[in-house]
Number of protein chains: 2
Amino acid sequence: MKKSKRKLFHDFIARKGLKSTRQRDIVLDGFLSSDAHMSIEELYLKLRARHPNIGYATVYRTLKLFSESGIAREIHFGDGQTRYEHVAEGEHHDHLLCTRCGEVMEFSNEAIEKLQDEIAESHGYLVHTHKLELYGICPKCRK
Amino acid sequence: MKKSKRKLFHDFIARKGLKSTRQRDIVLDGFLSSDAHMSIEELYLKLRARHPNIGYATVYRTLKLFSESGIAREIHFGDGQTRYEHVAEGEHHDHLLCTRCGEVMEFSNEAIEKLQDEIAESHGYLVHTHKLELYGICPKCRK
DNA sequence: TTTGCTATTGAAAATCACTTTCATCAATGT
DNA sequence: ACATTGATGAAAGTGATTTTCAATAGCAAA
């Protein structure tokens with residue numbers, strides 16, 4: 001059975017000798033209950049609604065910690081903002097983005113992953129990460 | 001037969017009612033004779049060697065124009081810099097990047113393109129662009 | 001070619017999206 | 001409860017653009 005993100009993060013905090021704080025829990029709750037691709041600013045604004053005293057720097061630093069702990073991953077969609085997405089143990093996915101309404105959808109495809117490895121190998125590369133984004137118009141916007 | 005980038009750009013300038021200037025030609029020559037993935041700063045420094053008076057803003061603005069005119073395309077490799085690559089009529093390629101030495105290699109693969117379209121379609125999306133980057137260690141660095 | 005209108009240029013100031021600093025607080029071990 | 005040390009929020013600092021603005025330089029009409 002898989003451990004909850006909350007537990008994973010608290011374990012990370014303990015392992016690193018860091019402290020468990022009220023603010024970190026607030027950011028964690030906010031992140032876990034949010035849409036998958038939030039920017040620092042977006043999460044900061046969302047949290048500010050309930051916790052007017054939380055600082056941007058705290059959200060920023062905590063999100064970095066999430067990423068270090070493995071429960072989140074930084075992503076860049078070319079709009080100049082750093083976003084954080086949830087990481088599910090052993091899962092990988094790519095993105096399909098609507099350039100009209102901004103919707104982001106996730107997908108994963110074995111065949112593509114396999115092809116990528118083959119291509120890399122044929123060029124002598126040893127790949128450890130990749131990034132695949134498809135930009136287009138989503139079903140709703142097409143109508 | 002395909003038109004030269006130089007001609008394409010000059011046509012664009014004329015069509016838009018813009019002016020043909022010495023500086024734009026300097027930036028154009030510099031861009032056309034350069035490696036495929038230059039950042040604004042890199043091109044600016046290269047041009048400064050021969051043309052000490054050219055301004056960063058001019059290089060910046062001209063590169064934007066190249067992109068608008070279709071002879072160049074902006075790309076982001078996640079290093080926080082905007083780079084510009086040459087666009088060849090009707091050609092598309094993806095990138096293989098070495099995370100050790102920074103080398104960038106281009107490749108293209110029909111099968112992957114096809115799979116991407118199929119995936120997008122199966123989600124109801126109409127794709128117009130995509131971005132595929134494979135990060136790994138290049139042959140030279142593996143040795 | 002001279003003129004007049006408008007686009008372009010280079011330098012500097014302004015933005016943006018982080019990142020870091022620092023004085024003050026708050027967890028945690030004893 | 002105390003001391004120690006990491007955490008926080010506000011503000012200052014960065015790096016990479018992006019925009020502003022006064023001075024120029026194309027271009028076309030005369």
Side-chain angles (χ1 to χ4, degrees), chain A residues 9-31 37-69 72-85, chain B residues 9-31 37-69 72-84 102:
Chain A
F9 184 62
H10 282 129
D11 287 356
F12 170 81
I13 287 292
R15 196 163 62 249
K16 285 277 200 172
L18 302 177
K19 290 169 180 169
S20 170
T21 69
R22 200 171 57 76
Q23 286 88 336
R24 283 182 179 159
D25 285 338
I26 290 172
V27 179
L28 182 57
D29 286 348
F31 176 67
H37 313 90
M38 286 206 125
S39 65
I40 304 167
E41 181 79 17
E42 284 166 1
L43 184 52
Y44 169 62
L45 290 178
K46 167 174 172 174
L47 296 178
R48 277 264 306 242
R50 280 193 176 297
H51 311 277
N53 296 318
I54 200 149
Y56 177 97
T58 298
V59 178
Y60 161 77
R61 286 180 292 226
T62 307
L63 247 9
K64 285 257 170 208
L65 279 183
F66 290 171
S67 164
E68 239 193 280
S69 77
R73 180 189 298 121
E74 289 191 1
I75 49 178
H76 298 271
F77 286 146
D79 64 346
Q81 303 241 134
T82 299
R83 289 166 187 287
Y84 289 83
E85 67 175 4
Chain B
F9 183 62
H10 281 130
D11 287 355
F12 170 81
I13 286 292
R15 197 164 59 250
K16 285 276 198 172
L18 303 178
K19 289 169 182 172
S20 170
T21 69
R22 200 171 56 76
Q23 287 90 333
R24 284 180 177 160
D25 284 338
I26 291 171
V27 179
L28 183 56
D29 287 347
F31 176 68
H37 312 91
M38 286 207 125
S39 65
I40 304 167
E41 181 80 17
E42 284 167 1
L43 185 52
Y44 169 62
L45 290 178
K46 167 175 171 173
L47 295 177
R48 276 264 306 243
R50 282 191 174 297
H51 310 279
N53 297 319
I54 200 148
Y56 178 97
T58 298
V59 178
Y60 162 78
R61 286 180 292 226
T62 307
L63 247 9
K64 285 259 171 208
L65 279 183
F66 289 172
S67 162
E68 236 192 288
S69 77
R73 180 189 300 123
E74 289 192 0
I75 49 179
H76 298 272
F77 287 146
D79 63 346
Q81 303 240 136
T82 299
R83 289 166 187 288
Y84 289 83

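Here is the naming used below: chain letters follow the sequence lines, and residue numbers restart at 1 for every chain.
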Exercise for the section: Kindly state whether the ring of A:Phe66 and the ring of A:Phe9 have centres lying under 6.0 angstrom apart. Expected result: yes
Practice task
Under 4.0 Å from any heavy atom of chain A: name the first and the last nucleotide of DNA chain D that qualifies, 5' to 3'.
Solution key: D:dT5 to D:dA10
Exercise for the section: Could you tell me whether a side-chain N or O of A:Arg83 sits under 3.5 Å from a main-chain N or O of A:Ile75, the two making a donor and an acceptor? Expected result: no
Problem - Stepwise side chain to side chain contact (heavy atoms under 4.5 Å, CB included) test for A:Ile40 and A:Gln81 - result: CA-CA 8 Å; A:Ile40 304 167; A:Gln81 303 241 134; over 6 Å; no
Could you go through nucleotides 27-30 of chain C and list every protein N or O atom that sits under 3.5 Å from one of its N or O atoms, giving the distance for each pair?
| residue | atom | partner | partner atom | Å |
| --- | --- | --- | --- | --- |
| C:dA27 | O3' | A:Ser20 | O | 3.4 |
| C:dA27 | N3 | A:Lys19 | NZ | 3.4 |

Practice task
Say whether, by atom type as modelled, one donor and one acceptor occur between the side chain of B:Thr62 and the main chain of B:Thr58 under 3.5 angstrom.
Solution key: yes
Problem - From CD1 (B:Ile26) to OG1 (B:Thr21), nearest 0.5 Å - result: 8.0 Å
Practice task
Verify the distance criterion only: is there a donor paired with an acceptor across the side chains of A:Asp79 and B:His76 at less than 3.5 Å?
Solution key: no
Practice task
Identify whether any heavy atom of B:Ser39 sits under 4.0 Å from a base atom; if not, whether one sits that close to sugar-phosphate; answer base, sugar-phosphate or nothing.
Solution key: nothing
Practice task
Using atom CG of A:Leu43 as one end and atom P of C:dC18 as the other, report the distance to the nearest whole Å.
Solution key: 12 Å
Practice task
For residues B:Lys64 and B:Tyr84, determine if any side-chain heavy atom of one lies less than 4.5 Å from a side-chain heavy atom of the other.
Solution key: yes
Problem - Minimum side-chain heavy-atom gap A:His51-A:Gln23 below 4.5 Å - result: no
Completion exercise
Expected list for residues 59-68 of chain B near DNA chain C, using heavy atoms below 4.0 Å, is B:Arg61
Handout entry: Atom pair CZ (A:Arg61) and CG (A:Leu63), whose distance is rounded to the nearest 0.5 Å
Key = 12.5 Å
Completion exercise
When rounded to whole Å, the CD1 to P distance for the pair B:Ile54 and C:dT8 reads 14 Å
Problem - First encountered from the 5' end of DNA chain D, between B:Tyr56 and A:Gly17 - result: A:Gly17
Practice task
Would you indicate what B:Glu41 reaches in the nucleic acid, counting non-hydrogen atoms under 4.0 angstrom: base, sugar-phosphate, or nothing?
Solution key: nothing
Exercise for the section: Hey, could you give me the CZ/CG distance between B:Arg22 and B:Asn53, rounded to the nearest 0.5 Å? Expected result: 7.5 Å
Exercise for the section: Could you check how far CG of B:Asp25 sits from P of C:dT9, rounded to whole Å? Expected result: 10 Å
Handout entry: A:Gln81 CD - C:dA17 C1' separation (whole Å)
Key = 7 Å
Handout entry: Single hit among B:Arg48, B:Lys46, B:Glu42 for side-chain hydrogen bond (donor to acceptor under 3.5 Å, both in side chains) with B:Tyr44
Key = B:Arg48
Practice task
Rounded off to whole Å, could you give me the CD1-to-C1' distance for the A:Ile40 and C:dT20 pair?
Solution key: 14 Å
